Amino acid sequence: MEILKTKQLMQQWSRARKNEGKTISFVPTMGYLHQGHISLLEKGRPLCDELVLSIFVNPSQFGPNEDLDAYPMDIENDLRLATAAGVTAVFLPQKEDIYPPHFQTSISLDSLPHHLCGMSRPVHFGGVATVVTKLFHIVMPDVAIFGKKDFQQLQIIRQMVRDLDFDIEIMGGEIVREKDGLAMSSRNAYLTSDLRESALSLSLSLHMARLAIAKGEKNPIVIEREINAFIQSFPQTRIEYISFCDPATLEPVRMIDKQILLALAVQVGKTRLIDNLLIDPPQ
Ligand code: AMP
């Protein structure tokens, strides 16, 4: 496994592989790898000749009062896990290499970023779209894999790739969960054991909603009310949003008569957690 620490070295590596006729799968991450990230690597491994992992905590996707400086890191462990997952190159750039002085270009999308997480994180998806564009130009992948855990991010990347004609196939990986249902996240490292219990309110709510819809409930307001009360019954939870929306546009739906995305963001203690589930109405 090669470790490439500058964009120039990464680009040279990718160009050399392409000249040999090889294809490249790519998984971008912010590191502190867990089984969710590994599942994306495992999905990407058989698809192409090479598998590239990037680890970069992207400052431009963090707002002023977010956890950029506290974001967990363990590069040694990440490299161990990457080797075991069959990664052939790791891209580990420095911030100054990605954002040199006088950097002034950004990618913005008109509507997808304004829903769900974009309501409280106005700069987030612009930062994501911009860094992913740069990573795509540096790594030059044929396939890139993103987790459905960040469903809005996945839809934004798909839209951007379509709109800007990137010749890259975007694939989504299923959400990997702990045994008790909590969606894996690098930010779970912030949770103390009592907050860990409150964090379960997210996946349990998704489960409750699925049951209600399976029983025939079609009104999102009714289920939202139930979930709202349920989450608030756990200590130290503050709901940011509960959204029943169209999975393609992320626009809220008034009636559950086709597949919907239920997406949640809840502050548990000081940690902001998200989770989501695609739910089909009964036949
Ligand atoms: P991050 O390091 O949080 O930026 O995540 C890197 C990639 O891993 C993104 O595409 C995430 O959606 C994905 N990811 C994070 N957590 C999970 C999970 N529990 N299951 C599947 N994919 C995940």
Side-chain angles (χ1 to χ4, degrees), residues 25-45 47 51-63 66-68 70-75 77-79 81-82 85 87 90-93 95 98 112 116-117 121 123-136 139 141 143-161 168-191 196 199-200 202-203 206 247 250 261 263-265 271-278:
S25 292
F26 177 41
V27 177
T29 76
M30 300 204 296
Y32 209 68
L33 300 186
H34 50 68
Q35 199 51 43
H37 299 114
I38 304 301
S39 72
L40 304 183
L41 293 170
E42 284 169 351
K43 195 174 171 86
R45 185 74 199 98
L47 300 177
L51 176 60
V52 176
L53 163 74
S54 67
I55 299 176
F56 180 61
V57 181
N58 173 37
S60 76
Q61 69 189 65
F62 287 77
E66 296 180 358
D67 58 343
L68 173 62
Y71 201 82
M73 247 167 77
D74 186 349
I75 293 293
N77 192 48
D78 288 352
L79 294 178
L81 292 172
V87 170
V90 181
F91 180 39
L92 251 184
K95 289 188 182 94
I98 298 295
L112 285 173
L116 309 180
C117 294
R121 305 187 77 191
V123 301
H124 178 67
F125 290 112
V128 169
T130 303
V131 82
V132 169
T133 296
K134 286 174 66 72
L135 292 170
F136 281 175
V139 175
V143 180
I145 305 110
F146 293 82
K148 293 185 189 171
K149 160 91 188 329
D150 300 272
F151 194 92
Q152 186 173 17
Q153 166 174 281
L154 173 62
Q155 295 303 59
I156 285 172
I157 301 298
R158 285 190 199 283
Q159 184 71 45
M160 176 184 91
V161 161
I168 300 172
E169 186 184 347
I170 304 300
M171 297 188 68
E174 297 307 319
I175 301 178
V176 177
R177 298 176 178 283
E178 304 286 354
K179 277 205 189 79
D180 60 8
L182 178 66
M184 289 193 185
S185 164
S186 306
R187 291 190 167 98
N188 292 350
Y190 302 140
L191 299 170
R196 180 77 180 58
L200 274 185
L202 282 87
S203 55
L206 298 176
L250 309 180
L261 176 77
L264 309 173
T271 305
R272 184 178 178 280
L273 299 176
I274 57 171
D275 203 346
N276 70 78
L277 185 66
L278 288 167

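As the structure is a computational prediction, the values presented were derived from the model and not from experiment. First listed ligand is number 1; within each ligand, the first listed atom is number 1.
Between the side chain of Ser39 and the backbone N or O of Gly36, at least one donor-acceptor pair lies under 3.5 Å. Counting only distance, with no hydrogens or angles, the side chain of Glu169 and the backbone of Ala144 share no donor-acceptor pair below 3.5 Å.
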Exercise for the section: Step by step, work out the salt bridge (Lys or Arg N to Asp or Glu O under 4.0 Å) result for Glu174 and Lys43. Expected result: CA-CA 10 Å; Glu174 297 307 319; Lys43 195 174 171 86; over 6 Å; no
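The pair Lys149-Asp275 does not meet the salt-bridge criterion, since no charged nitrogen lies less than 4.0 angstrom from a carboxylate oxygen.
Within 4.0 Å of ligand 1, protein heavy atoms belong to Pro28, Thr29, Met30, His34, Gly36, His37, Leu40, Tyr71, Phe146, Gly147, Lys149, Asp150, Gln153, Glu174, Ile175, Val176, Met184, listed by chain and number.
Judged by distance alone, the side chains of Asp67 and Tyr190 do bring a donor and an acceptor atom under 3.5 Å apart.
Tested against Glu178, the residues Arg196, Gln35, His34 include a single side chain to side chain contact (heavy atoms under 4.5 Å, CB included) partner, Arg196.
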